[in-house]
Amino acid sequence: MTVPVITIDGPSASGKGTVAALVADQLGFHYLDSGSLYRLVALLAIRRGIPMEDEAVLAEAARQLPVAFADGTVWLDGEDAGDAIRGEEVGMGASRVGALPAVRAALLERQRAFRQEPGLVTDGRDMGSVVFPAATLKVFLTASADERASRRYKQLIGKGESANLQKIKQDIVDRDARDAARAVAPLRQEPDATLLDTTEMTIDQAVDAVVQWFKERQ
Ligand code: C5P
């Protein structure tokens, strides 16, 4: 029997990572936050001064990425990089390196290797379209840009950081536009993906919907 996979793709700040991690928890499955791989490549590029358009060097960095997921965080060469990859500069950098075909190719097999018993829940932009085209369940999770900006704003304020709602919304809209316009693996809802618009939903309701759909497919 093939190992089940649930893919949750969608735009930035939609809450897909939170939902994906909770679904994985409920089902006892592994969880892969694919965006963190692109973010790590961007972080390395910033730290090493690699231009964001140097495809060959960035692809090599992606191939050799010394990444480990453990203890609820992501480790880069033994350093807890969980906080360092969350910033907006790294997010925008991830969106730029993610537009490079050689970087995407370098990360492909690495992502597929996470499909292990008893199952995998993964979130990103192309998990259902490119990485796991035969996934058991494909979800396209979104929310209005205003709602996504407001969630990110509350998250930052909750962490005691300063935040500007208008700027956050503009960053979200810009990043989505870049992710949707790129030639390789653009952000879009696959015809066989189920739409989950969480604008008016709680996290628990979204998690329940995904778990329910998955059970119906078993
Ligand atoms: O999901 P997250 O915001 O962490 O992703 C950061 C960036 O990485 C996205 O804006 C997108 O450009 C890129 N990405 C991607 N493919 C994925 C996951 C993320 O291109 N599967």
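Only a predicted model underlies this, so the values are computations on that prediction, with no experimental measurement involved. Ligands are counted one by one from 1 in listed order, and the atoms in each one are counted from 1 as well.
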A.B. asks: So, for F29 and F214, is the gap between ring centers shorter than 6.0 Å?
C.D. replies: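 Yes, close enough.
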
A.B. asks: Do L65 and L44 pass the side-chain contact (heavy atoms from CB on, under 4.5 Å) test, and can you show the C-alpha distance, the side-chain angles, and the key distance before you say yes or no?
C.D. replies: CA-CA 9 Å; L65 201 62; L44 279 184; 3.6 Å; yes

A.B. asks: What protein heavy atom lies closest to atom 7 (C) of ligand 1? Include the residue and the distance to one decimal.
C.D. replies: A94 CB, 3.6 Å

A.B. asks: Before giving the answer on salt bridge (Lys or Arg N to Asp or Glu O under 4.0 Å), spell out for R175 and D171 the whole-Å C-alpha distance, their side-chain angles and the decisive distance to 0.1 Å.
C.D. replies: CA-CA 6 Å; R175 186 134 66 91; D171 283 349; over 6 Å; no

A.B. asks: Check for me whether R182 has a heavy atom closer than 4.0 Å to any atom of ligand 1.
C.D. replies: yes

A.B. asks: Please list, in number order, the atoms of ligand 1 under 4.0 Å from a heavy atom of M127.
C.D. replies: 21 (N)

A.B. asks: Do any nitrogen or oxygen atoms of R104 lie less than 3.5 angstrom from nitrogen or oxygen atoms of ligand 1?
C.D. replies: yes

A.B. asks: For ligand 1 and D179, I'd like to know whether there is a polar contact (N/O to N/O, distance under 3.5 Å).
C.D. replies: yes

A.B. asks: Compute the shortest N/O to N/O distance between D123 and ligand 1 and return yes if it is under 3.5 Å, no if not.
C.D. replies: no

A.B. asks: Check whether any heavy atom of M92 sits under 4.0 Å from an atom of ligand 1.
C.D. replies: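 No, that is not the case, since the closest heavy atom of the residue is not under 4.0 Å from the ligand.
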
A.B. asks: What protein heavy atom sits nearest atom 19 (C) of ligand 1, and how far away is it?
C.D. replies: G35 CA, 3.5 Å

A.B. asks: Ligand 1 and S36, any nitrogen or oxygen pair closer than 3.5 angstrom?
C.D. replies: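 Between S36 and ligand 1, no N or O pair is found under 3.5 Å apart.
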
A.B. asks: Take D174 and R96 through the test salt bridge (Lys or Arg N to Asp or Glu O under 4.0 Å) and record every step on the way to the result.
C.D. replies: CA-CA 12 Å; D174 288 350; R96 293 181 68 188; over 6 Å; no

A.B. asks: Does F69 have its ring centroid less than 6.0 Å away from the ring centroid of F114?
C.D. replies: yes

A.B. asks: Specify side chain, backbone, both or neither for R178, according to which of its non-hydrogen atoms lie closer than 4.0 Å to ligand 1.
C.D. replies: neither

A.B. asks: Whether K138 and D9 form a salt bridge (side-chain N of Lys/Arg under 4.0 Å from carboxylate O of Asp/Glu) is what I want to check.
C.D. replies: no

A.B. asks: Would E60 and R48 satisfy salt bridge (Lys or Arg N to Asp or Glu O under 4.0 Å), going step by step from the backbone distance to the final call?
C.D. replies: CA-CA 13 Å; E60 191 50 33; R48 294 181 186 169; over 6 Å; no

A.B. asks: Could a heavy atom of R96 be found less than 4.0 Å from some atom of ligand 1?
C.D. replies: no

A.B. asks: Sub-3.5 Å donor-acceptor pair from the side chain of D176 to the main-chain atoms of S12, do we have one?
C.D. replies: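 Flag set: sc D176 to bb S12 pair under 3.5 Å.
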
A.B. asks: Considering both backbone and side-chain atoms of S34, is one of its nitrogen or oxygen atoms within less than 3.5 Å of a nitrogen or oxygen in ligand 1?
C.D. replies: yes

A.B. asks: Write out the residue and atom name of the closest protein heavy atom to atom 1 (O) of ligand 1, then the distance separating them to 0.1 Å.
C.D. replies: R125 NH1, 2.9 Å

A.B. asks: Are the charged groups of E147 and R152 less than 4.0 angstrom apart, N to O?
C.D. replies: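 R152 and E147: not salt-bridged.
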
A.B. asks: Would D126 and R104 count as a salt bridge (Lys or Arg N to Asp or Glu O under 4.0 Å) if you check the C-alpha gap in whole Å, the side-chain angles of each, and the deciding distance to 0.1 Å?
C.D. replies: CA-CA 10 Å; D126 64 338; R104 305 201 74 84; 3.0 Å; yes

A.B. asks: Using a 4.0 Å heavy-atom cut-off, say whether R175 meets ligand 1 through its side chain, its backbone, both or neither.
C.D. replies: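 For R175, the contact with ligand 1 is made by the side chain alone.
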
A.B. asks: List ligand 1 atoms under 4.0 Å from R39, heavy atoms only on the residue side.
C.D. replies: 2 (P), 3 (O), 4 (O), 6 (C)

A.B. asks: Under a 4.0 angstrom heavy-atom cut-off, which atoms of ligand 1 come close to K16?
C.D. replies: 1 (O)

